[in-house]
Amino acid sequence: TIALLDNGSVISWGVNDSYQLSIGNTLNQDEPAISQDLPANILRVYADNNKSCAVSNYYKTLHCSGATFRGDGSSSTGNFVEVDFPSTFTSNHIIKDVSISTGGACAYTINTSDNSSDMFCWGENSKGTLGLGNTLTPQRTPQKVLAPFD
């Protein structure tokens, strides 16, 4: 479980076997603890069974923790890191929603310059969970999903 407090800080508790609580260890947490490695003023949080994500910076920055493929280019597990979006995620994009599954994550965005929408996904992709047209290649950073967003 992950919760956003009125002051923009994040607390979490529960199962923590993949660092998904971002509390500095993998011990299960039976009461709320302050999540680490996050900037100030978080605006929204998301969680699945092995990953957590938080949006900040006027909905322009995403941080994820937990299981592999956190979105920073590595395949390691750990505390919150900033997701490394590709250059097609411009300063005009804002993060509207995030979906997290066991196999990966996706960020739904709006480009405020023309009100178009884009989807960026990353993760394991063994069952085509990323919508990139293949099931062979894991993606360590977000990739722009084309149809129906192109």
Side-chain angles (χ1 to χ4, degrees), residues 1-89 93-110 117-149:
T1 303
I2 187 169
L4 176 61
L5 302 180
D6 288 344
N7 66 4
S9 64
V10 174
I11 59 172
S12 51
W13 62 95
V15 175
N16 191 35
D17 56 353
S18 298
Y19 289 93
Q20 61 265 47
L21 301 183
S22 194
I23 58 173
N25 60 56
T26 57
L27 300 174
N28 293 341
Q29 190 69 28
D30 60 1
E31 55 187 56
I34 296 172
S35 295
Q36 301 173 9
D37 300 323
L38 280 172
N41 301 314
I42 296 299
L43 302 168
R44 190 169 286 161
V45 294
Y46 304 89
D48 188 88
N49 67 342
N50 66 0
K51 192 181 309 297
S52 298
C53 295
V55 176
S56 66
N57 189 26
Y58 303 101
Y59 297 95
K60 294 182 176 289
T61 306
L62 182 65
H63 289 78
C64 292
S65 69
T68 56
F69 306 111
R70 292 175 292 159
D72 67 337
S74 75
S75 60
S76 63
T77 298
N79 289 341
F80 280 106
V81 295
E82 185 173 338
V83 172
D84 185 18
F85 284 98
S87 61
T88 51
F89 181 88
H93 280 86
I94 57 172
I95 299 164
K96 294 296 283 182
D97 203 2
V98 174
S99 176
I100 305 170
S101 71
T102 302
C106 292
Y108 175 72
T109 68
I110 299 291
S117 57
D118 292 306
M119 182 78 74
F120 296 90
C121 297
W122 65 98
E124 183 183 312
N125 201 30
S126 65
K127 296 182 174 129
T129 56
L130 304 182
L132 300 173
N134 70 67
T135 59
L136 302 175
T137 309
Q139 298 296 325
R140 294 178 185 354
T141 58
Q143 305 296 307
K144 187 175 176 184
V145 176
L146 298 179
F149 299 98

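Along the sequence shown, residues carry numbers from 1.
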Under the side-chain contact (heavy atoms from CB on, under 4.5 Å) rule, what do D17 and T26 come out as? Steps first, then yes or no, please. CA-CA 5 Å; D17 56 353; T26 57; 5.6 Å; no
Verdict with supporting geometry, T68 and R140, side-chain hydrogen bond (donor to acceptor under 3.5 Å, both in side chains): CA-CA 8 Å; T68 56; R140 294 178 185 354; over 6 Å; no
Should I2 and V10 be marked as a side-chain contact (heavy atoms from CB on, under 4.5 Å) after you check the CA-CA gap, both sets of side-chain angles, and the distance that decides it? CA-CA 7 Å; I2 187 169; V10 174; 3.4 Å; yes
Given side-chain contact (heavy atoms from CB on, under 4.5 Å), test Q139 with L132 step by step and report yes or no. CA-CA 10 Å; Q139 298 296 325; L132 300 173; 3.7 Å; yes
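When all heavy atoms of G66 and T77 are compared, the pair lying nearest together is O-CG2, 3.0 Å. The minimum heavy-atom distance linking F80 with S52 is given by the pair CE2-O, 3.5 Å. Counting all heavy atoms, side chain and backbone alike, N49 lies closest to Q20 at O-NE2, 2.9 Å. Listed here is the closest heavy atom pair of T129 and N125: N-OD1, 3.5 Å. Among all heavy-atom pairs drawn from V83 and C64, the shortest one is CG2-SG, 3.7 Å. The two atoms that bring S56 and A40 nearest to each other are CB-O, 4.4 Å, heavy atoms only.
A distance-only check finds no donor-acceptor pair linking the side chain of N57 to the backbone of Y59 [under 3.5 Å]. The closest donor-acceptor contact from the side chain of N16 to the backbone of Q29 lies at 3.5 Å or more, if one exists at all. Q36 places no side-chain N or O within donor-acceptor distance of the main-chain N or O of N79, the cut-off being under 3.5 Å. Distance alone, capped at 3.5 Å, places no donor-acceptor pair between the D30 side chain and the W13 backbone. Proximity of a side-chain donor or acceptor of K51 to a complementary backbone N or O of A67 within less than 3.5 Å is detected. Checking side-chain atoms of S35 against main-chain N and O of L21 turns up a donor-acceptor pair under 3.5 Å.
Other residues, nucleotides and ligands contribute only 12 or fewer heavy atoms inside 6.0 Å of the CG atom of N41. The number of heavy atoms from other shown groups lying within 6.0 Å of CD1 (I34) does not exceed 12.
A heavy-atom distance below 4.5 Å is not found between the side chains of H63 and V81. Counting heavy atoms from C-beta outward, P142 and W122 have side chains that approach closer than 4.5 Å. Contact of the I94 side chain with the T109 side chain is not registered, since no non-hydrogen atoms from C-beta on lie closer than 4.5 Å.
Among residues two or more places apart in sequence or in another chain, the ring-ring contact (aromatic ring centres under 6.0 Å, His included) test is passed with F89 by F85, H93, F120.
Atom SG of C53 and atom OH of Y46 lie 9.0 Å apart (nearest 0.5 Å). Atoms CG and CG, from D6 and L4 in turn, are 8.0 Å apart once rounded to the nearest 0.5 Å. Put simply, CZ on R70 and OG1 on T141 are 13.5 Å apart, with the number rounded to the nearest 0.5 Å. Put simply, CD1 on I11 and CD1 on I23 are 12.0 Å apart, with the number rounded to the nearest 0.5 Å. Going from atom CZ of F69 over to atom CG of L130 covers 9.5 Å, rounded to the nearest 0.5 Å. Separating the CZ atom in R44 from the CG atom in D97 is a distance of 7.0 Å, to the nearest 0.5 Å.
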